[in-house]
Each structure stands twice: as C-alpha cells, then as structure tokens.
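Here the structure is laid out as structure tokens; the discussion comes afterwards.
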Amino acid sequence: MNWYDHLYMGEKAKKQRYGILKGLREKKWQPEIYVIMPPESGNNILEIIPSVMLHIPPYREREILLLGVAVTYWEALEVAREIVDDLYQKTGGFRLADLINRDREAETEMLSEPRDPKKSTMRGGLC
C-alpha cells in the first residue's frame, strides 16, 4: 500500500489522523474508515471502499495508492469531491494520472532546483 504525497483527509479523519493511518499501516480492522483510490478499471475517476476491503484477496494482492481517507461514507464523498475539484483546477481535465504525475514532477523540480542567492528572501543581517 502506498500513500499519495498530498493525502486528502476528511474533517473527522484529520482529528484521528495518527490512529487511522497507524491502523491502515498495521492492517487493523477499521470498519468505519473509508479509503479513496484510483479505480481498478472502468471509466470512473475514483474508487471509494471501506478499509476492511483492503484485507480481502483482490485488494490485498495488488499495489494500491491511497489518495484519501475518511471516517464515514458521506465524508468519503466530500473528500472525493475535493480531489476531483483539485484535479480539474490543476489539470483542466479529469485524468487522475495527470494530477499525480504533475505533483511528483513539481516536487522533483523543487528538490533539484539549485538555490540562487540573489533570489533569497532574507536581506542581510538577522531577520
């Protein structure tokens, strides 16, 4: 199981972030938790499933990228809406791969970009 670098979390999930993510990593039974991920097949943009489904063979055997986490199904729908909104605003379309690749490329550029001392925001001395 992989995590999206900019993992989306519902409001209730944010309050329990540590416990939820630890439970997912340790493959604990959390029936109230829903995960949002890219679809396995079809024309869907996202797939929402209860986290307990990650323990059954079709999901257990494949490498999954988790994009979002929510505490209830309704919260999962809100998180999915947020992901789709960001997808359209950042890419102008609805291809999830474009958003994921775009974010990875932006992070790579930021890490590999040499610092230019002339563009520094500090202006001499102590700030």
Side-chain angles (χ1 to χ4, degrees):
M1 178 178 359
N2 294 319
W3 309 91
Y4 180 52
D5 293 334
H6 305 286
L7 185 68
Y8 290 85
M9 304 269 312
E11 290 300 316
K12 292 178 187 175
K14 284 179 188 175
K15 294 176 185 173
Q16 305 170 26
R17 180 183 179 97
Y18 177 77
I20 291 171
L21 297 181
K22 182 179 179 193
L24 288 170
R25 272 189 215 101
E26 295 174 358
K27 299 181 175 159
K28 290 189 177 178
W29 193 264
Q30 300 181 90
E32 72 281 359
I33 305 301
Y34 286 82
V35 295
I36 298 112
M37 57 190 193
E40 188 164 338
S41 62
N43 293 327
N44 299 327
I45 298 173
L46 298 169
E47 187 173 341
I48 300 171
I49 62 168
S51 65
V52 295
M53 297 284 287
L54 298 173
H55 304 292
I56 62 173
Y59 294 101
R60 187 176 49 208
E61 275 107 32
R62 73 174 210 188
E63 196 60 38
I64 294 174
L65 174 65
L66 293 184
L67 301 171
V69 179
V71 173
T72 65
Y73 182 72
W74 297 108
E75 185 173 77
L77 291 174
E78 267 302 305
V79 173
R81 181 204 50 81
E82 184 181 346
I83 294 170
V84 172
D85 282 350
D86 283 355
L87 172 62
Y88 187 74
Q89 288 177 5
K90 291 179 180 178
T91 66
F94 293 104
R95 287 195 56 229
L96 192 57
D98 291 345
L99 176 67
I100 294 168
N101 292 336
R102 181 181 179 275
D103 287 344
R104 285 185 181 154
E105 288 171 3
E107 285 180 9
T108 303
E109 285 177 16
M110 286 176 29
L111 293 174
S112 63
E113 189 174 289
R115 288 193 148 203
D116 185 357
K118 295 177 184 174
K119 293 183 180 179
S120 177
T121 55
M122 292 181 61
R123 296 189 180 208
L126 298 172
C127 292

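Both backbone and side-chain heavy atoms feed into the values below; hydrogens, waters and symmetry mates do not.
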For residues 15-25, which side-chain donor-acceptor pairs fall under 3.5 Å, sequence neighbours excluded?
none

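Criterion: ILVMFWY side-chain heavy atoms under 4.5 Å apart, direct or through other members. Under it, Val52 and Ile56 are not part of a common hydrophobic cluster. Hydrophobic clustering, with ILVMFWY side chains joined whenever heavy atoms are under 4.5 angstrom apart, groups Ile45 together with Leu77.
Every residue two or more places apart in sequence or in another chain that forms a side-chain hydrogen bond (donor to acceptor under 3.5 Å, both in side chains) with Asn2 is listed here: Glu63.
Expressed to the nearest 0.5 Å, how far CD1 of Ile83 lies from CD of Glu78 amounts to 11.5 Å. Note: Asn44 CG to Leu96 CG = 11.5 Å, rounded to the nearest 0.5 Å. The structure places CG of Asp98 at 7.5 Å from CG of Leu87, a figure rounded to the nearest 0.5 Å. Here CD1 of Ile36 is found 8.5 Å from CD of Glu75. Values are rounded to the nearest 0.5 Å. Note that CD1 of Ile49 and CD1 of Ile33 are 13.0 Å apart. Values are rounded to the nearest 0.5 Å. Atom CD of Glu40 is separated from atom CZ of Arg62 by 4.0 Å, given to the nearest 0.5 angstrom.
Shown here for Leu67 and Met37, the closest heavy-atom pair between the two residues is CD1-C, 4.0 Å. Contact between Pro38 and Leu65 at its shortest, heavy atoms only, is CD-O, 3.1 Å. Of all the heavy atoms in Glu47 and Pro39, the pair that sits closest is OE1-CA, 3.5 Å. Nearest approach of Gly68 to Leu7, heavy atoms of both residues: N-CD1, 3.7 Å.
Taking the six-membered ring for Trp and thresholds of 30 and 60 degrees, Tyr8 and Tyr4 have nearly parallel ring planes, at less than 30 degrees apart.
Under the ring-ring contact (aromatic ring centres under 6.0 Å, His included) criterion, the residue pairs touching residues 57-78 are Tyr34-Tyr73, with sequence neighbours excluded.
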From CA spacing to verdict: side-chain contact (heavy atoms from CB on, under 4.5 Å), Val69, Val79 | CA-CA 8 Å; Val69 179; Val79 173; over 6 Å; no
